[in-house]
Amino acid sequence: MGAVEKHYGIHIEYCFPPANEVEALVRAKGMFSFYQDSHAECCAIRKVAPLKKQLSGLKAWITGQRKDQSTTRTALPVVQVDPVFSGQDDGLLIKWNPLSNTSSIDVWNTIRKNSVPFNQLHAKGFVSIGCEPCTRPTLPTQHEREGRWWWEDAANKECGLHQKKH
């Protein structure tokens, strides 16, 4: 993140999960309960809650989602009403997915062409990067999302940021 801030001369606003909720989860279930009972609860606390707080004051937001990232994203529109979060004053939140119809190859060509800083884990085989215990590198023949929550079914490889968890 520091490389991005320096490259673009910007300050990134960081957000954090509610510490009391993280502590309660770890005390009740242990550090790695998600390996037994799915990642949904952990992601809800560590990822979804902080983003919900940040988005609650906005009217729109931009994602980097692509249709080719997952079987759960094949119908991803370029613009949509966010199915998960509410925006300013509990109103509708517009979600813009400008890379929806872009391929991974095109994204990487643009990164290289424009010297865009990127997470160095990509150079180590981490194609899709999430939390450390839930992410591992993939082999060249594997789909990028196979490195995320590898112990779960492919249809469950969403954390709740982009699809409601049932």
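Numbers here are sequence positions counted from 1. In what follows, every heavy atom counts, from backbone to side chain, and hydrogens, waters and symmetry copies are set aside. Predicted model only: the values in this text are computed from it and were never measured.
Counted within 6.0 Å of CH2 on W61, heavy atoms from surrounding residues, nucleotides or ligands total more than 12; the atom is thus considered enclosed. In this structure, D37 places its CG atom where more than 12 heavy-atom neighbours from other residues, nucleotides or ligands lie under 6.0 Å away. Around the CD1 atom of I12, the shell of radius 6.0 Å holds more than 12 heavy atoms that belong to other residues, nucleotides or ligands. No more than 12 heavy atoms of other residues, nucleotides or ligands shown are found within 6.0 angstrom of CG on L92. Remark: K52 NZ is loosely packed, at most 12 non-hydrogen atoms of other residues, nucleotides or ligands lying under 6.0 Å away.
Side-chain N or O atoms of S100 include one that pairs as donor or acceptor with a backbone N or O of L76 at under 3.5 Å. Here the side chain of N119 pairs a donor or acceptor atom with the backbone of L121 at under 3.5 angstrom. A donor-acceptor distance shorter than 3.5 angstrom exists from the side chain of H143 to the backbone of D68, with no hydrogens or angles considered.
For the pair T110 and V116, the minimum side-chain heavy-atom distance is 4.5 Å or more. N109 has its side chain out of reach of K113: every pair of non-hydrogen atoms, C-beta onward, lies at least 4.5 Å apart.
Under the 4.5 Å side-chain heavy-atom criterion for ILVMFWY residues, no single connected hydrophobic cluster contains both V84 and V81. A continuous path of ILVMFWY side-chain contacts below 4.5 Å connects V48 to L51, so both sit in one hydrophobic cluster. Transitive grouping of hydrophobic side chains (ILVMFWY, heavy atoms separated by less than 4.5 Å) keeps V107 and F126 in distinct clusters. In the hydrophobic clustering of ILVMFWY residues, with side-chain heavy atoms under 4.5 Å counting as a link, M31 and F16 come out apart. Under a hydrophobic-cluster definition in which Ile, Leu, Val, Met, Phe, Trp and Tyr are linked whenever side-chain heavy atoms come within less than 4.5 Å, directly or via other members, V26 and F34 are assigned to the same cluster.
D82 CG to T63 OG1: the interatomic distance, rounded to the nearest 0.5 Å, is 9.5 Å. H39 NE2 to K47 NZ: the interatomic distance, rounded to the nearest 0.5 Å, is 7.5 Å. A distance of 5.5 Å separates OG of S104 from CD of E144, quoted to the nearest 0.5 Å. With rounding to the nearest 0.5 Å, the separation of CD in Q69 from CZ in R145 is 6.5 Å. Within the model, atoms CD of E146 and OG1 of T141 stand 8.0 Å from one another, a figure rounded to the nearest 0.5 Å. I94 CD1 to K59 NZ: the interatomic distance, rounded to the nearest 0.5 Å, is 11.0 Å.
Considering all non-hydrogen atoms of both residues, L93 and L58 come closest at CD1-O, 3.6 Å. Taking every heavy atom of both residues into account, D90 and S86 meet most closely at OD1-CB, 4.0 Å. Residues Q80 and P83 share a closest heavy-atom pair of NE2-CD, 3.8 Å. Heavy-atom minimum distance, P17 versus I45: CB-O, 3.4 Å. Contact between N97 and P77 at its shortest, heavy atoms only, is ND2-O, 2.9 Å. Nearest heavy atom pair, residue V78 against residue W96, reads O-CD1, 3.2 Å.
The aromatic rings of W150 and Y35 sit tilted relative to each other, their planes meeting at an angle between 30° and 60°.
A side-chain donor-acceptor contact under 3.5 Å links R148 and S128.
Within the structure, the side chain to side chain donor-acceptor pair (under 3.5 Å) test picks out no pair touching residues 1-11 (sequence neighbours left out).
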